[in-house]
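Report on one structure; see the data block that follows.
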Amino acid sequence: ATYVGTNVYDQTFLLDVDKFNSVFVFGQTLGIYPVSPNVFTNLGGKQFIHKFSSDLSTSLFSTVFGRGSASIDIVPTALNVDDCLNILLSGWGGLSNQGYMGGRMLNLPITADAYQKTTDESDFYFMVLGPNASTLKYATFFGGANSQEHVDGGTSRFDKSGNIYQAVCAGCGGFSD
């Protein structure tokens, strides 16, 4: 066992183990989470990814992403390290989560080939980082223009081929877009 975090609110939501038994965690922080050299990062981000040795004795890298504000952007919903050691993650944020530990989705990094480049601030967010979080390979928003999409934790998954199975609770507020 080990402790993860800063001296303020931190929550690790998800854990995955790669094919070499390194341990990855994905969570939220209100602190200044450590960022390793040579990783993709959005300084001041409130979502973290941390990689540990298989026995949890050594931190191998950590990074943060997000818009760099004082509040958390998304609630983590899925994490996977695929067979090529890419890091895949998903999360959601928006109006149905304000007041909890997930807020409005604004100015999160996206890539030029994003499936959905804009957000109504209540959507899902999918991201792929290269091995050891070296690069941002893909990032997109996903959701309708009117619905306040969200999901209960632990209901979404990636397979080792990189396919996402994202559960969605939509239709809130009378919209099912």
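All values below were derived from every heavy atom in this structure, side-chain atoms included, with hydrogens, water molecules and symmetry-related copies excluded.
- Counting only distance, with no hydrogens or angles, the side chain of Asn42 and the backbone of Gly66 share a donor-acceptor pair below 3.5 Å.
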Applying side-chain contact (heavy atoms from CB on, under 4.5 Å) to Gln47 and Val64, what does each step give before you reach the verdict? CA-CA 5 Å; Gln47 293 72 223; Val64 296; over 6 Å; no

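- Among all heavy-atom pairs drawn from Pro109 and Ala139, the shortest one is O-CB, 3.2 Å.
- Rounding to the nearest 0.5 Å gives a distance of 3.5 Å between CG of Asp10 and OG1 of Thr29.
- Nearest heavy-atom pair across Thr77 and Leu14 is C-CD1, 3.5 Å.
- Contact of the Tyr9 side chain with the Lys46 side chain is not registered, since no non-hydrogen atoms from C-beta on lie closer than 4.5 Å.
- For Val4 against Thr12, the heavy-atom pair with the smallest separation is CG1-OG1, 4.0 Å.
- Linking Ile, Leu, Val, Met, Phe, Trp and Tyr residues whenever their side-chain heavy atoms come within less than 4.5 Å leaves Tyr165 and Phe13 in two separate clusters.
- To the nearest 0.5 Å, the span separating OG1 on Thr111 from NZ on Lys117 amounts to 8.0 Å.
- The minimum heavy-atom distance between Lys19 and Asp83, with the atom names listed, is NZ-O, 2.8 Å.
- Here the side chains of Val81 and Lys51 are not in contact, with every heavy-atom distance at 4.5 Å or above.
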The test is side-chain contact (heavy atoms from CB on, under 4.5 Å); show your working for Leu108 and Ile74 and say whether it passes.
CA-CA 10 Å; Leu108 295 176; Ile74 62 172; 4.0 Å; yes

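- Here CD1 of Ile49 is found 7.5 Å from CG of Leu79. Values are rounded to the nearest 0.5 Å.
- Checked by atom type and distance alone, the side chain of Asp123 never pairs as donor or acceptor with a backbone atom of Gly93 at under 3.5 Å.
- In this structure, Asp16 CG and Leu88 CG are separated by 9.5 Å, a value rounded to the nearest 0.5 Å.
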Working note: Ser22 + Leu60, criterion side-chain contact (heavy atoms from CB on, under 4.5 Å); need CA distance, chi angles, decisive distance, verdict.
CA-CA 9 Å; Ser22 296; Leu60 300 175; 4.0 Å; yes

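- Going from atom CZ of Phe141 over to atom OG1 of Thr118 covers 8.0 Å, rounded to the nearest 0.5 Å.
- Val23 pairs in a side-chain contact (heavy atoms from CB on, under 4.5 Å) with only one of the listed residues (Leu15, Asp55, Thr2), which is Leu15.
- The shortest distance between side-chain heavy atoms of Phe65 and Leu89 falls below 4.5 Å.
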Next item on the list: Determine, stepwise, if the pair His50 / Tyr33 fulfils ring-ring contact (aromatic ring centres under 6.0 Å, His included).
Entry: CA-CA 10 Å; His50 205 137; Tyr33 207 87; 5.6 Å; yes

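- Between Ser156 and Ile164 the shortest side-chain heavy-atom distance does not fall below 4.5 Å.
- A donor-acceptor contact shorter than 3.5 Å is absent between the side chain of Thr135 and the backbone of Lys137.
- Shortest non-hydrogen contact noted between Gln28 and Ile72 is NE2-CG2, 3.3 Å.
- Exactly one residue among Tyr115, Phe158, Trp92, Phe142 makes a ring pair (Phe, Tyr, Trp, His ring centres under 6.0 Å) with Phe126. That residue is Phe142.
- At a threshold of 4.5 Å between side-chain heavy atoms, the hydrophobic network of Ile, Leu, Val, Met, Phe, Trp and Tyr places Ile32 and Val8 in two separate groups.
- For the pair Asn132 (side chain) and Ser134 (backbone), a donor-acceptor distance under 3.5 Å is absent.
- Taking the side chain as every heavy atom from C-beta outward, Phe48 and Val35 never approach each other to under 4.5 Å.
- Both Phe24 and Phe20 are members of a single hydrophobic cluster when ILVMFWY side chains are connected at heavy-atom separations under 4.5 Å.
- The main-chain N or O of Thr58 is found under 3.5 Å from a side-chain atom of Ser53 such that the two form a donor-acceptor pair.
- Here the closest heavy-atom approach between residue Pro131 and residue Asn86 is recorded as CD-OD1, 3.6 Å.
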Between Thr140 and Tyr125, does the side-chain contact (heavy atoms from CB on, under 4.5 Å) criterion hold? Intermediate values first, please.
CA-CA 6 Å; Thr140 189; Tyr125 180 72; over 6 Å; no

